[in-house]
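One structure is given below, encoded as structure tokens.
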Protein chains: 2
Amino acid sequence: MAPREPRAAPAVAEENTREKILEAAGEVFADQGFEGATIRAITERAGVNVAAVNYHFRDKAELYNRVVLDACSVSAAMQKTMAEAVGSPEARLRSLVYHFMEYLLDPTRPDWRRKLKAREMANPTAALDELVEKNLRPLREEFLLPTLGELTGGCFSRKELSYIASSVMSQCLYFLQYQPIIERLNPDYYTPGKWNIEEIADHVTRFSLAALRELTRQARRS
Amino acid sequence: MAPREPRAAPAVAEENTREKILEAAGEVFADQGFEGATIRAITERAGVNVAAVNYHFRDKAELYNRVVLDACSVSAAMQKTMAEAVGSPEARLRSLVYHFMEYLLDPTRPDWRRKLKAREMANPTAALDELVEKNLRPLREEFLLPTLGELTGGCFSRKELSYIASSVMSQCLYFLQYQPIIERLNPDYYTPGKWNIEEIADHVTRFSLAALRELTRQARRS
DNA sequence: TAAAATGTCAAACAATTGTTTTAAATGAAT
DNA sequence: ATTCATTTAAAACAATTGTTTGACATTTTA
């Protein structure tokens with residue numbers, strides 16, 4: 001029997017069984033993937049009964065969906081800081097890049113969220129659609145593209161701007177998705193788990209702004 | 001269900017069972033991942049018996065290893081074209097980007113290689129070490145970093161150059177790894193499965209060269 | 001030609017999978 | 001105290017998993 005709407009206060013003592021499952025499932029799914037993770041591994045780590053998953057969530061698939069959406073949902077805090085971004089287009093781009101990277105790499109949160117995002121992007125399920133529509137597309141359409149348009153003074157078509165936006169976003173995403181490669185390729189100045197977000201965001205912004213300035217200059221010349 | 005094959009003569013000569021398994025395993029592993037793929041799905045697609053996998057390969061794990069290493073090995077052709085790259089640093093960077101993207105996206109080969117690479121990078125096994133050491137590091141150390149050094153006239157430290165190299169590579173890798181996102185984000189000018197490598201490589205090169213030129217100019221000014 | 005070797009197959013194996021069932025607790029409402 | 005929905009737990013379920021078995025057919029070897 002499925003749990004009904006919280007009409008009244010939760011009957012039995014701990015509502016935390018559900019939360020314990022979500023937390024444990026995040027770790028196991030990130031490590032083993034959807035197929036590799038077993039309900040028994042999840043419930044064991046959570047210290048609850050096997051049947052709890054099918055009770056609190058319809059089945060394994062819905063549990064996975066819930067976990068992915070929770071892990072990928074952009075925090076309200078970031079939404080706000082981006083919406084509030086003011087000042088010169090350069091400053092706005094810098095703020096955008098910084099907060100996007102902060103969202104991607106957030107070192108204050110357990111690392112399984114990063115793994116799960118990477119896994120989902122490399123091997124998408126239905127959850128990716130929501131991730132794109134709710135997080136990435138608004139970021140791009142409402143903040144990134146307009147800002148890039150300003151920075152280039154309307155010199156470029158939408159398609160060209162789209163490519164440029166990809167170049168900016170790709171640099172941010174690189175440090176999320178390719179962490180296993182970066183660890184191997186740059187062991188000299190990369191210490192695992194400790195991202196220098198400030199430094200990375202600074203480079204990405206500088207590199208991108210430099211490209212934009214030069215591209216605009218070239219476009220104006222012709 | 002006994003399709004009753006026409007007494008297919010199985011004997012010593014038929015080495016192609018092994019090849020059929022490898023090909024089918026590539027597709028299934030790319031689609032379902034290691035855990036999600038079942039030996040029965042593989043052998044069914046290959047049109048061979050279930051026991052064939054355990055006969056020709058020790059077990060499922062060894063089959064996966066064999067498939068991944070085959071898929072990720074860089075072609076000798078690309079090694080050669082990169083080694084032969086001559087001309088101005090700008091031309092060399094362009095050639096580098098183009099051939100790297102060609103290696104990543106190679107549309108003449110079945111798409112499961114791309115998927116498998118993406119999967120491996122997001123969720124590395126021991127095979128990733130070989131991929132990095134044999135493919136990515138030589139590319140970076142022998143071709144990318146020296147070329148970038150020339151283009152910036154020695155204005156930057158190794159660490160700064162390393163960041164710049166990351167920016168260039170990230171743009172290339174983006175179109176490999178984030179294909180599911182690109183499909184959703186840019187349905188207007190992206191047609192699934194048909195990459196315009198020429199166009200993408202052209203943009204990446206132009207964007208990167210523009211950034212390098214402006215960055216160098218700024219560095220010289222101070 | 002006889003015997004060993006090789007490759008393939010259907011069938012069965014033991015283990016594990018996600019899920020369901022059944023029953024026992026628990027706390028709030030009557 | 002009784003009722004009742006909600007939550008947990010143990011056991012059983014049917015299906016699927018990777019792997020092994022043993023027989024059969026073919027080739028190679030001697």
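- At a threshold of 4.0 angstrom between heavy atoms, the contacts of A/Ala52 with the nucleic acid are absent.
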Can you give me every donor-acceptor pair (side chain of residues 22-43 of chain B, partner residue at least two apart or in another chain, under 3.5 Å) with its distance?
unit_1, atom_1, unit_2, atom_2, d
B/Glu27, OE1, B/Arg45, NH1, 2.6
B/Asp31, OD1, B/Lys115, NZ, 2.7
B/Thr38, OG1, B/Ala41, N, 3.0
B/Thr43, OG1, B/Ile39, O, 2.9
B/Thr43, OG1, B/Arg40, O, 3.2

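- For the pair A/Tyr55 OH and D/dT6 P, the interatomic distance rounds to 7 Å; values are reported in whole Å.
- Remark: A/Glu44 pairs with no residue by the side chain to side chain contact (heavy atoms under 4.5 Å, CB included) rule, at least two apart or across chains.
- With sequence neighbours left out, B/Tyr178 forms a ring-ring contact (aromatic ring centres under 6.0 Å, His included) with B/Tyr174.
- For the ring-ring contact (aromatic ring centres under 6.0 Å, His included) test, no residue two or more places apart in sequence or in another chain qualifies with B/Phe57.
- Each of D/dT7, D/dA10, C/dG7 was ranked by its minimum atom distance to the side chain of A/Ala51; first place goes to D/dA10.
- Per the geometry, CD belonging to A/Gln32 stands 11 Å off P belonging to C/dT17, to the nearest Å.
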Under 3.5 Å, sequence neighbours excluded: what are the donor-acceptor pairs made by side chains of residues 138-145 of chain B?
unit_1, atom_1, unit_2, atom_2, d
B/Arg140, NH1, B/Ser162, OG, 3.1
B/Arg140, NH2, B/Ser162, OG, 3.4
B/Glu141, OE2, B/Arg158, NH2, 3.3

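- In this entry the distance linking NZ of B/Lys20 with C1' of C/dG7 reads 12 Å, nearest Å.
- Spacing between atom NZ of B/Lys60 and atom C1' of D/dT16 amounts to 12 Å, rounded to whole angstrom units.
- Taking atom CG of residue B/Asn54 and atom C1' of nucleotide D/dT20, one finds them 8 Å apart after rounding to whole Å.
- Nearest to the side chain of A/Asn49, among D/dA9, D/dT8, C/dT8, sits D/dA9.
- Of the candidates C/dT8, D/dT20, D/dT8, C/dT8 carries the atom nearest the B/His56 side chain, counting heavy atoms from C-beta on.
- Atom CG in B/Asn16 sits about 12 Å away from atom P in C/dG7, given to the nearest Å.
- Non-hydrogen atoms lying under 4.0 Å from DNA chain D are contributed by B/Ala37, B/Thr38, B/Ile39, B/Arg40, all within residues 36-45 of chain B.
- In this structure, A/Glu35 atom CD and D/dG18 atom P are separated by 11 Å, rounded to whole Å.
- Checking C/dT19, D/dA9, C/dT6 against the side-chain heavy atoms of A/Asp59 singles out C/dT19 as nearest.
- For D/dT7, the OP1/OP2 oxygens have no side-chain nitrogen or oxygen of A/Thr17 closer than 4.0 Å.
- Using a 3.5 Å distance cut-off with no hydrogens or angles, the side chains of B/Tyr103 and B/Asn135 do pair a donor with an acceptor.
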Inset, instruction - Apply the test side-chain contact (heavy atoms from CB on, under 4.5 Å) to residues B/Tyr98 and B/Leu93: give CA-CA distance (whole Å), side-chain angles for both, the deciding distance (0.1 Å), then the verdict. - result: CA-CA 8 Å; B/Tyr98 181 82; B/Leu93 183 67; over 6 Å; no
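- Nearest-nucleotide mapping onto DNA chain D: of B/Phe34 and A/Val50, the residue sitting toward the 5' end is A/Val50.
- As a whole-Å value, the separation of B/Phe57 CZ from C/dG7 P is 13 Å.
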